[in-house]
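Residue indices begin at 1 and follow the sequence shown.
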Amino acid sequence: MTAVVVEPEPARRVVASKAFRTVPTPVVMLPVPTLGLMIESAVFVVSSADGLDEKLVFPPGSMLPLPPAVVEGHRTRWLVSPAECDGLLMSGPDLADLLALETSNRR
């Protein structure tokens, strides 16, 4: 299992896409302390890191606080819950393709 961190707006566009709705995967909205501010990030939970940008992948062995959890006084929440995914995880290459498509559609 791999966790991939993406900015909230591109993540919301990916989650709204027809391709994602066909093969969804859980997504956690996680508050991350950055330079004294709490910045919310979207974390996709996928089956592998294959094809994903290494800068986006949580380091091996790190802990991902899944809802219900509190980080620095802020609650984590599901953008897409495991129940909405029938317990399935998207593959790394599938997520990489969706993220690449989102990036190319914004140009």
Show the numbers, then the answer: is there a side chain to side chain contact (heavy atoms under 4.5 Å, CB included) between E40 and L30?
CA-CA 5 Å; E40 195 170 45; L30 180 66; over 6 Å; no
For the pair F58 and V4, evaluate side chain to side chain contact (heavy atoms under 4.5 Å, CB included) and give the outcome as yes or no after the intermediate values.
CA-CA 6 Å; F58 264 44; V4 182; over 6 Å; no
Please determine whether side chain to side chain contact (heavy atoms under 4.5 Å, CB included) holds for the pair V43 and L79, giving the CA-CA distance in whole Å, both sets of side-chain angles, and the decisive distance to 0.1 Å.
CA-CA 9 Å; V43 182; L79 181 59; over 6 Å; no
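Hydrophobic cluster membership is shared by L64 and V71, with clusters built from Ile, Leu, Val, Met, Phe, Trp and Tyr side chains linked at under 4.5 angstrom. A single hydrophobic cluster is seen to contain both V5 and V45, as judged by linkage of ILVMFWY side chains at heavy-atom distances under 4.5 Å, directly or through other members. When hydrophobic clusters are built by joining Ile, Leu, Val, Met, Phe, Trp and Tyr residues whose side-chain heavy atoms come closer than 4.5 Å, directly or via intermediates, V27 is grouped together with V57.
Atom OG1 of residue T25 and atom CE of residue M1 lie 9.5 Å apart, to the nearest 0.5 angstrom. One finds the OG1 atom of T76 at 11.0 Å from the CE atom of M29 (value rounded to the nearest 0.5 Å). Put simply, CG on L56 and CZ on F44 are 10.5 Å apart, with the number rounded to the nearest 0.5 Å. Between the CZ atom in R13 and the CD atom in E7 there is a gap of 9.5 Å [rounded to 0.5 Å].
A 4.5 Å side-chain heavy-atom check between R77 and V28 finds every atom pair outside the cut-off.
With sequence neighbours excluded, no residue satisfies salt bridge (charged side-chain N to carboxylate O under 4.0 Å, His left out) with E84.
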List the atom pairs, donor and acceptor, that lie under 3.5 Å between side-chain atoms in residues 85-99 and the rest of the protein, sequence neighbours left out.
residue, atom, partner, partner atom, Å
S91, OG, D94, N, 3.2
S91, OG, D94, OD2, 3.2

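Heavy-atom minimum distance, H74 versus P31: CB-CG, 3.5 Å.
In this structure a side-chain-to-backbone donor-acceptor pair under 3.5 Å is missing from S81 to W78.
Identified under the side-chain hydrogen bond (donor to acceptor under 3.5 Å, both in side chains) test for residues 47-56, with sequence neighbours left out: none.
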